[in-house]
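To start, the structure itself, in structure tokens.
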Amino acid sequence: MTRYETIQSLGDNFIKLMGKNLIPLHILDWKVYYEAYLKEADALAQHRGKRNKTRAAGNVADTYKISERSMFSIIAFMEG
């Protein structure tokens with residue numbers, strides 16, 4: 001089970017844990033970025049016929065004004 005799947009399985013408890021400062025707030029931001037990455041990767045896969053991780057990460061990084069390096073770190077964290 002990946003970290004993203006674990007976060008998803010928490011449901012409403014995820015927000016409660018953030019409210020108690022047991023989970024850092026930036027993890028919510030990372031979750032949003034990762035979900036945007038998944039959508040973008042799926043859209044590119046439908047358009048081009050294959051998944052392009054680099055282009056999807058770059059597009060999301062541009063959208064949210066973060067570096068591509070940060071985006072790849074977020075992807076690695078969520079998939080770990």
Side-chain angles (χ1 to χ4, degrees):
M1 182 178 258
T2 65
R3 287 186 180 111
Y4 177 72
E5 292 168 341
T6 303
I7 290 169
Q8 287 294 96
S9 69
L10 289 173
D12 291 336
N13 290 331
F14 178 66
I15 302 298
K16 290 178 186 175
L17 292 171
M18 284 178 37
K20 301 274 186 190
N21 292 325
L22 294 173
I23 296 178
L25 184 60
H26 74 272
I27 299 297
L28 180 61
D29 293 336
W30 287 10
K31 180 178 175 277
V32 170
Y33 300 153
Y34 186 71
E35 288 172 346
Y37 159 76
L38 291 176
K39 273 185 161 176
E40 185 68 21
D42 287 341
L44 287 172
Q46 288 179 354
H47 185 292
R48 304 188 78 194
K50 65 178 183 172
R51 196 167 202 180
N52 190 335
K53 183 176 184 176
T54 305
R55 178 167 284 178
N59 290 348
V60 172
D62 287 344
T63 301
Y64 288 101
K65 302 204 183 330
I66 60 173
S67 69
E68 285 187 27
R69 178 74 183 122
S70 294
M71 191 63 221
F72 282 112
S73 295
I74 292 166
I75 293 167
F77 176 82
M78 288 295 186
E79 292 178 352

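Just the heavy atoms: all of them, side chains too, but no hydrogens, waters or symmetry mates, feed the values below. Keep in mind the model is a prediction, meaning the values are calculated, not measured. Just so you know, residue 1 is the first one in the sequence shown, and it goes up from there.
Contact detail for Leu44 and Asn52: the closest heavy-atom pair is CD1-O, 4.0 Å. Contact detail for Met78 and Thr2: the closest heavy-atom pair is O-CB, 3.4 Å. In plain terms, the two heavy atoms of Ala57 and Ile75 that are nearest each other are CB-CD1, 4.0 Å. Closest approach of Met71 and Tyr33 over heavy atoms only: CE-O, 3.5 Å.
Taking 4.5 Å as the limit, every side-chain heavy atom of Tyr37 sits out of range of all side-chain heavy atoms of Ile74. Residues Thr63 and Glu40 are not in side-chain contact: their nearest non-hydrogen atoms beyond the backbone lie 4.5 Å or more apart. The shortest distance between side-chain heavy atoms of Leu28 and Phe14 falls below 4.5 Å. Here the side chains of Ile23 and Ile7 are not in contact, with every heavy-atom distance at 4.5 Å or above.
Salt bridge present: Glu35 and Lys31 bring a charged side-chain N and a carboxylate O closer than 4.0 Å.
Heavy atoms from other residues, nucleotides or ligands lying under 6.0 Å from NE2 of His26 number more than 12. Residue-environment remark: CG (Asp12) stays at or below the threshold of 12 foreign heavy atoms within 6.0 Å.
Atom CD1 of Ile27 is separated from atom CG of Leu17 by 12.0 Å, given to the nearest 0.5 angstrom. Residue Glu68 holds its CD atom at 9.0 Å from CG of Asn59, rounded to the nearest 0.5 Å. Here the CD-CD distance, from Glu5 to Glu79, works out to 10.0 Å after rounding to the nearest 0.5 Å.
The aromatic rings of Phe77 and Trp30 sit perpendicular, their planes meeting at an angle over 60°, well past the 30° parallel limit.
Met1 and Leu38 fall into different hydrophobic clusters, where Ile, Leu, Val, Met, Phe, Trp and Tyr are joined by side-chain heavy atoms under 4.5 Å apart, directly or via other members.
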